[in-house]
Amino acid sequence: MRISFNVNGQPVSVDVEPNELLADVLRERLDVTGVKKPCGTGDCGACTVLLDGEAVLSCLTLAAESDGCNIITVEGLSKGDELHPLQRAFVEDGAIQCGYCTPGMLMSAYALLLENPRPTEEEVRRTLEGNLCRCGTYQNVVKAVLRAGREMEEE
Amino acid sequence: MKTRLPAFRLHQPATLEEALSLLHGLRRAKVLAGGTDLLVSMKRKGMRAENLVSLKGLKDNLSYVRNESGLLRIGAATTMKQLSRDSLILESAPVLAEAASKVGSTQVRNMGTVGGNLCNASPAADTAPPLLVLEAEALAMSRVRERVIPLTEFFVGPGETALDDDELLVEVRLKPPTEAYGAAFFKLGRKHSEDISVVNAAAYLALDGDAVSEARIAVGSSAPTPFRAFEAEAILEGKQVTDAIIAAVAEAAGEAARPITDVRASAAYRREMVETAVRRALEEAYRRAQP
């Protein structure tokens, strides 16, 4: 079946099988490899993308169900070479070690800040509970998200 | 690791009538709502389905919270996120919002629905204990009939509901309590979050002066289905709430449990934790029942 949706502001059309997952279509058919797929079963959150403004697990979303949707991945955060304040904060606050969980962390954080520009630390921790990090960057991720929120408010 | 889905035919009805027609005509089609249980089962647990009927096209019809003629009506496609924030639910059935806010993770709550949580019928379903103590009912529809199933009769076994193959759960409904009461939900997981309950429980307490006028206790993840602990409830009837009574009630609930040993916990641990969960839920419900 043919589906059409927006990925990071670009309209895209692709033929998919019913059982193809959004994560796989983004990564393998559209070369949007910022979406990571460590677990494939919705436990780690690294595959998180924004679908019509909400953070969802692309490994548990059928591509066929994304017709007409607006999808934002980590590639959509930066504007050309200019990093998003969240990305800058992650880099500066040491919130990235191996980087594998980072796209998912960024997308979850981005979704949070869109809805709640001034989250408390508790709210950040609660919101990101579905994003796991084996390197243990959590403390710095939380710091970076709080700082980015403050910066984005000032902009 | 199997992270791809087996092949299936996907049906995307645009109306409820179309969906019910499809369910009637297809052999044992699976219903797809949020996909957070179904797709995991298909990837990890070898679940197969020739046909999936997606409720995405019915999202608008089946995603609602309404108060109509004294009945709180919740569309089956309402997400956990919506349940946890809806003002009607927060006002008249907050224990349901409490439970919904503890399901999975933010992403899972954005995707997962109350209908899916109930129809997946895991004994650990977090919306089951609160809905059971609120004496909720399920509205099931098929092409040929419509019926209301009390939630106490909805769960038949692990992963099994009372729904026929061609029936769709379209709504969950309950009478918002009119008496002064307190209700609470307790979830024990291995972590603080993003976990399937090891044990969960909900308690509902209404007081008449100092004495209990209504007590309801529901326990999950410790028997083939979530269940109301009726014998435990009876201990509270007409009594004043004391630590000793709560302990007796918790013990009775533990005795009613039939837990299994699985990857998350042993049966013995679960039985002990049922007592803890019921005690904590009762204590909190009692606090909330204070004027």
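Note that the coordinates shown come from a computational prediction; the quantities given were computed from them, not determined experimentally. Both backbone and side-chain heavy atoms feed into the values below; hydrogens, waters and symmetry mates do not.
With values rounded to the nearest 0.5 angstrom, A:Arg126 atom CZ is found 7.5 Å from B:Lys102 atom NZ. Going from atom CD of B:Gln12 over to atom CE of A:Met1 covers 4.0 Å, rounded to the nearest 0.5 Å. To the nearest 0.5 angstrom, B:Lys56 atom NZ is 6.0 Å from A:Ser66 atom OG. Of the inter-residue distances, the one linking B:Arg109 atom CZ with A:Glu54 atom CD reads 12.0 Å to the nearest 0.5 angstrom. A:Asp43 contributes atom CG, which lies 9.0 Å from atom OG of B:Ser105 (distance to the nearest 0.5 angstrom). Going from atom NZ of A:Lys37 over to atom CZ of B:Arg4 covers 4.5 Å, rounded to the nearest 0.5 Å.
Within a 6.0 Å radius of NZ in B:Lys30, no more than 12 heavy atoms belonging to other residues, nucleotides or ligands are found. Environment of CZ in A:Arg118: sparse, with no more than 12 heavy atoms of neighbouring residues, nucleotides or ligands closer than 6.0 Å. Within a 6.0 Å sphere centred on CZ of A:Arg29, other residues, nucleotides and ligands contribute more than 12 heavy atoms.
With a 4.5 angstrom heavy-atom cutoff, A:Leu132 touches chain B only via side-chain atoms. Heavy atoms of B:Ser41 lying under 4.5 Å from chain A are absent altogether. Looking at A:Cys47, neither its backbone nor its side chain comes within 4.5 Å of chain B, counting heavy atoms on both sides. Of the two parts of A:Thr127, the backbone and the side chain both hold a non-hydrogen atom closer than 4.5 Å to a non-hydrogen atom of chain B.
At a heavy-atom cut-off of under 4.5 Å, chain B is reached by A:Val56, A:Leu57, A:Cys59, A:Leu60, A:Thr61, A:Leu62 from residues 56-63 of chain A, listed in order of number.
Shown here for B:Gln107 and A:Ser108, the closest heavy-atom pair between the two residues is NE2-OG, 3.2 Å. For A:Leu21 against B:Lys43, the heavy-atom pair with the smallest separation is CD1-NZ, 3.4 Å.
Among residues at least two apart or in separate chains, ring-ring contact (aromatic ring centres under 6.0 Å, His included) pairs with a member in residues 101-142 of chain A are A:His84-A:Tyr110. For residues 111-121 of chain B, the pairs satisfying side-chain hydrogen bond (donor to acceptor under 3.5 Å, both in side chains) are B:Asp37-B:Asn120, B:Asn117-B:Thr127, with sequence neighbours left out.
Using a 4.5 Å heavy-atom cutoff, the side chains of A:Glu17 and B:Leu10 are not in contact.
Partners of B:Glu50 by salt bridge (Lys or Arg N to Asp or Glu O under 4.0 Å), not counting sequence neighbours, listed by chain and number: B:Arg9.
Between chain A and the residues B:Gly35, B:Ser54, B:Gly104, the most heavy-atom pairs under 4.5 angstrom are made by B:Ser54. The choice from B:Leu38, B:Leu32, B:Leu52 that makes the most heavy-atom pairs within less than 4.5 Å of chain A is B:Leu32.
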